[in-house]
Amino acid sequence: MDLKQELNQEQYKAVTTTEGALLIIAGAGSGKTRVITFRIAHMLDKGIPQSQILALTFTNKAAKEMEERVKQHTGRKLQNLTVSTFHAFGVRILRQDIEKLGWRSNFSIYDETDRNQLIKETGRELGFTSDALDVYAVGNLFSNIKTGRWSWDNPDKAKRGNSQYRKLYEEYQAGLKLYNAVDFDDLITLPIKLFQEHPNVLEKYRERYRYIMVDEFQDTSIQQYQLMHMLANKNVAVVGDDDQSIYSWRGANYENIRMFERDFPQVIEIRLEQNYRSTETILAAANGVISHNTNRKDKSLWSGNGSGKPIEIFMPENENAEADFISECIQSMRLTEKRSYDDFGVLMRANTQSRAIEEAFLESNIPYTMSGGTSFFQRKEIKDIISYLRVCANHDDDINLLRILNTPRRGIGRTTIEKLNHIAKEKSCSLWEGIQTVINDTALSSEVLQDFSLENETSSKAKENYEISSKAKEDLADFSNLIKEQRSALLSGRGLSKKIRTMIEEINYWDYLIGEHQKNEKAARFKFMNIEFLIQSIETWENSPDNLDPTLFNYLNRVTLLSRDDMDDNEQKGKVNLMTIHASKGLEFPVVFIAGAEEGIIPHARSIEESEENVEEERRLFYFAITRAQDKLFISSCQKRRKMQSTIECEPSRFLDEIPTGLVEYHKPAETLDQQSTQNFFDALKKKFST
């Protein structure tokens, strides 16, 4: 392959500079994925072993695309090449060496739902009432504490110094270890802890991975940077753009680019400024906006795609008129420009803006997909089946065991579960071990009750906490035998999907769904159809020629790490893409609508109140939205908007004034839109699109 023909001058330099530290500043649409994949292919052609290359990115979709492109360039199987997300790489490290930190290697990975359930259970044990425990807020607090973004000693934030929440955090951490589980933050923080406490383990990885690349470097957190820095030898390349850093709220730190320059003083910097995505007009608008940020590397994107059409800014009366405008534009452009629905991206600052737009799409029969809705794997019926699989894989996973213990119902009531919790707490064991204790009739052994005097009323009540009826013991024994039998089947040989289908039949899940939806069999069938889709997806996964180890453990790790866009690619084809700006990462559309470009929405009201630095991130977000557009960009800013029970006057976003005036056309409908004037407005739009 002639790289000089395939790449522009700066791209060629980035691809062929394989030794030393390299900082690639890659503007939006400048072909950074192309550069990374060509760079890996070039390194392999030079004779660098696959096993020595580590490429880290932020979504499973991006990692998969990267690996597929390298395969196309090289024509090789890449069984020893590591292309991974940060979190999946953390799993790989922990599977090998987490026992050194006190966990077992078959640990479970808790998603947000599991984490919140453990917080709730821990809070209940510590005496928190449901009203006093905002599980979502506490989960965010714990995440910020764990990753070092916040400190218990910092009094600036409410609850940080609260001893109750600190105790709750400590018990939550102890619970994770007791249940042999880690949460998502642990996938980064525990490898760092492992490397710090066991330098020989770190050296093993440093010896293996002699060439490291990091994509979307502006989105790395301080911990991710620390992990990369610990692993890096002298050959490390990072690719990023500080102008596209929009994730500070989840720990991203664009200052990592400056830290990289400090930590690797011999770094070579290469800037990719030629944009292959958008028209000159769109890029000039983006450059005009982002130039108002002060804390950035100076760069200016340029395009060879021609000037294109002006950016059109509309000022509809309210959010309903805005939604009608977007709907009408999409339908008109489909007819006049022969576009498909998936050519359109509708971007919002917040999910709360979607209601009016969704209603307009439904009314106009426009098919759409909404990013940020309920994930397939968060649907109850899917979580139930996955929970069975998790308990079969790891008996000590209390969160998932509690989920399935009485689902479908098998006579194990709340009283029994409370007594199991007492036993597990007294014996410092998992619920599964507590169940085995009950089944073996040792719950009331001297080990547990040695200090209880039957003559003491308090002790008698305590004894009641451990007494479980014969019927409950039989039900627990049936459950235990079911899990043991299914574990034996699921972990033996191949054919995982068939074994899961058999398990679902064994637990009579269909009968359970019918019982739960006695007046709506259609709902039960829909949920069971989702389970069938789950089984089919497992079958596809295990039969993939690239899947060398289709085990239950690997499948469960994949489920935890999957993002929603990995599962819904096929479902999204032929539909308008409605999403938040944050959710549009890595995407581009021929036609983009930015809805709600108003003060208080973008920039967000909270950012305006807090600091100029936060306004700069909002500006980066607006810049990011603009650069999703390839051919045509529409921006709408409502004159009024419904908020709670009242209607408020809106001001156009300050960012609109930062777009150079020669690039835009403003349209402002009449103050009062009666039916006829609305029709005239849209007739004019149709005529405009047909010329």
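All values derive from a computational prediction rather than experimental measurement. What's counted below: heavy atoms across the whole structure, side chains too, no hydrogens, waters or symmetry copies.
Nearest approach of Q224 to F86, heavy atoms of both residues: O-CE2, 3.6 Å. In plain terms, the two heavy atoms of K383 and R403 that are nearest each other are CB-NH2, 3.4 Å. R487 and A393 get closest at one heavy-atom pair: NH1-O, 3.0 Å. Taking each heavy atom of L22 and A14 in turn, the nearest pair found is CD2-O, 3.7 Å. Closest approach of Q11 to V35, counting heavy atoms only: CG-CG2, 3.6 Å. When every heavy atom of P49 is checked against every heavy atom of L44, the shortest pair comes out as C-CD2, 4.4 Å.
Note on K32 versus D241: no salt bridge recorded, every NZ/NE/NH1/NH2 to OD/OE distance being 4.0 Å or above. Looking at D45 and R76, a side-chain N of the basic residue comes within less than 4.0 Å of a carboxylate O on the acidic one, giving a salt bridge. Under the 4.0 Å criterion applied to side-chain N and carboxylate O atoms, E6 and R34 are assigned as salt-bridge partners. Ion pairing of E65 with K61 is absent here, as no side-chain N (NZ or NE/NH1/NH2) approaches a carboxylate O to less than 4.0 Å. Between K167 and E171 there is a salt bridge, with a side-chain nitrogen of the basic residue lying less than 4.0 Å from a carboxylate oxygen of the acidic one.
Between the CE atom in M228 and the CG atom in D263 there is a gap of 8.0 Å [rounded to 0.5 Å]. A distance of 8.5 Å separates OG1 of T17 from NE2 of H42, quoted to the nearest 0.5 Å. One distance of note links CD1 of I145 with CZ of R166; it measures 8.0 Å at 0.5 Å rounding. In this structure, CZ on R210 lies 6.0 Å from CG on N233, to the nearest 0.5 angstrom. Separation of atoms CG (N400) and CG (D114) is listed at 5.0 Å; rounding is to 0.5 Å. Atom OG1 of T437 is separated from atom CD of E426 by 12.0 Å, given to the nearest 0.5 angstrom.
In this structure, R95 is positioned above the aromatic face of F107, its NZ or CZ under 6.0 Å from the six-membered ring centre and within 45° of the axis.
In terms of modelled atom types and a separation under 3.5 Å, the side chain of S544 and the main chain of T540 share no donor-acceptor contact. With T59 contributing its side chain and A62 its backbone, the two residues share a donor-acceptor pair below 3.5 Å. Looking only at distances, a side-chain donor or acceptor of S537 sits under 3.5 Å from a matching main-chain atom of L534. E269 places no side-chain N or O within 3.5 Å of a backbone atom of E261 that could act as its donor or acceptor partner. Under a 3.5 Å cut-off, the side chain of D183 and the backbone N or O of E112 do not form any donor-acceptor pair. In terms of modelled atom types and a separation under 3.5 Å, the side chain of N144 and the main chain of N140 share a donor-acceptor contact. Side chain of Q223 to backbone of I188: no donor-acceptor contact under 3.5 angstrom is found. With hydrogens and angles disregarded, no donor-acceptor distance shorter than 3.5 Å links the side chain of D398 to the backbone of Y179. The main-chain N or O of E99 is never found under 3.5 Å from a side-chain atom of R104 such that the two would form a donor-acceptor pair. Using modelled atom types, one side-chain atom of E542 and one backbone atom of S497 make a donor-acceptor pair closer than 3.5 Å.
Inspection of the Y110 and D397 side chains reveals an N or O donor paired with an N or O acceptor under 3.5 Å. No side-chain donor-acceptor contact under 3.5 Å links N80 and S51. In this model, no donor atom of one side chain and acceptor atom of the other lie less than 3.5 Å apart for T407 and D384. Side-chain polar atoms of D396 and N180 form no donor-acceptor pair below 3.5 angstrom. Using modelled atom types, one finds no donor on one side chain facing an acceptor on the other under 3.5 Å when comparing K234 with Q266. With no hydrogens or angles considered, a side-chain donor-acceptor pair links Q218 and E216 at under 3.5 Å. Counted by atom type alone, E121 and Q117 present one or more donor-acceptor pairs between their side chains at under 3.5 Å. Side chain to side chain, E19 and Y211 meet the donor-acceptor criterion of an N or O pair below 3.5 Å.
Contact of the I435 side chain with the L405 side chain is registered, since non-hydrogen atoms from C-beta on lie closer than 4.5 Å. In this structure, T502 and K498 have side chains that are not in contact, with every pair of non-hydrogen atoms separated by 4.5 Å or more. By the 4.5 Å heavy-atom criterion applied to side chains, M43 and K46 are not counted as neighbours.
Among Q436, H395, E485, the one residue that satisfies the side chain to side chain donor-acceptor pair (under 3.5 Å) test with S480 is Q436. If you run salt bridge (charged side-chain N to carboxylate O under 4.0 Å, His left out) between D243 and each of K297, R620, K299, R271, only K299 comes through.
Classified by interplanar angle (parallel below 30°, tilted 30° to 60°, perpendicular above 60°), the ring pair F142/Y172 is tilted. In this structure, F217 and F260 have perpendicular ring planes: the angle between them is above 60°, well past the 30° mark. Note on ring orientation: taking the six-membered ring where Trp is involved, the planes of F38 and H73 are tilted (angle from 30° to 60°).
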After noting the C-alpha distance and the side-chain angles of R92 and T82, does the key distance pass the side chain to side chain donor-acceptor pair (under 3.5 Å) rule?
CA-CA 10 Å; R92 180 181 298 214; T82 305; 3.3 Å; yes
Report the C-alpha separation of D185 and S143 in whole Å, then their side-chain angles, then the decisive distance to 0.1 Å, and conclude whether the side chain to side chain donor-acceptor pair (under 3.5 Å) test is met.
CA-CA 7 Å; D185 292 319; S143 179; 2.7 Å; yes
Show the numbers, then the answer: is there a ring pair (Phe, Tyr, Trp, His ring centres under 6.0 Å) between Y205 and F195?
CA-CA 10 Å; Y205 284 95; F195 290 163; 5.7 Å; yes
For H229 and F264: C-alpha separation, side-chain torsions, deciding distance, then whether ring pair (Phe, Tyr, Trp, His ring centres under 6.0 Å) applies.
CA-CA 10 Å; H229 190 214; F264 297 89; 5.6 Å; yes
